[in-house]
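All values below were derived from every heavy atom in this structure, side-chain atoms included, with hydrogens, water molecules and symmetry-related copies excluded.
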Amino acid sequence: VGLLGVLLGRLYQQPWETLVGEKIFLPLGMKDSQADAAVSALPLAQPHAGGKPVVAWSFKAIGAAGAIRSTVADLMRYGQAVAN
């Protein structure tokens, strides 16, 4: 999935994060979603591993593999759109 994001970015000649915003978030009205986890302004749940708090992942190179941050309301919008 990370490689697919890189390839789509090259195909469209813009960063994958921009593509997701223009092609998915904006048309669906997902105002509380973003694809650049490194600069997340969204309040995130504290991640845990082995029952202990850990630092949230942040990776730019393969962002398509999991860098999207979103709210439950926005994910519901996305789910409704793909279900139709």
Side-chain angles (χ1 to χ4, degrees):
V1 173
L3 178 58
L4 177 60
V6 171
L7 294 174
L8 286 171
R10 287 185 181 175
L11 178 67
Y12 285 91
Q13 298 180 351
Q14 54 184 305
W16 172 82
E17 296 87 354
T18 303
L19 285 172
V20 173
E22 289 178 1
K23 305 284 185 187
I24 299 173
F25 299 158
L26 188 60
L28 295 178
M30 296 173 66
K31 295 179 176 136
D32 294 321
S33 298
Q34 61 188 52
D36 191 348
V39 295
S40 181
L42 297 173
L44 302 175
Q46 174 67 53
H48 287 72
K52 297 182 181 181
V54 296
V55 177
W57 288 359
S58 174
F59 42 92
K60 182 90 170 156
I62 55 169
I68 292 177
R69 301 291 189 248
S70 192
T71 61
V72 172
D74 275 6
L75 290 175
M76 291 296 293
R77 280 192 176 106
Y78 178 77
Q80 290 172 340
V82 298
N84 292 330

If you look at every heavy atom in [X] and [Y], which pair is closest and at what distance?
X   : Y   : answer
A64 : G2  : CB-CA, 4.2 Å
N84 : Q80 : ND2-O, 3.0 Å
V20 : I68 : CG1-CD1, 4.2 Å
V54 : Q46 : O-NE2, 2.7 Å
P47 : V55 : CG-C, 4.0 Å
L28 : A81 : CD2-CB, 3.6 Å

Do side-chain atoms of D32 reach the backbone of T71 as a donor and acceptor pair under 3.5 angstrom?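 No, because the side chain of D32 does not come within donor-acceptor range (under 3.5 Å) of the backbone of T71.
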Quick one: does any side-chain atom of Q34 pair with a main-chain N or O of S70 as donor and acceptor, under 3.5 Å?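 No: the side chain of Q34 does not pair with the backbone of S70.
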Does one hydrophobic cluster hold both I24 and V82, with members joined at side-chain heavy-atom distances below 4.5 Å?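 I24 clusters together with V82.
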Under 4.5 Å between side-chain heavy atoms, counting indirect links through other Ile/Leu/Val/Met/Phe/Trp/Tyr residues: same cluster for L3 and L11 or not?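 Different clusters.
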Nearest 0.5 angstrom please: [X] [atom1] to [Y] [atom2], how far?
X   : Y   : atom1 : atom2 : answer
Q14 : L8  : CD    : CG    : 10.5 Å
Y12 : T18 : OH    : OG1   : 13.5 Å
I62 : W16 : CD1   : CH2   : 10.5 Å

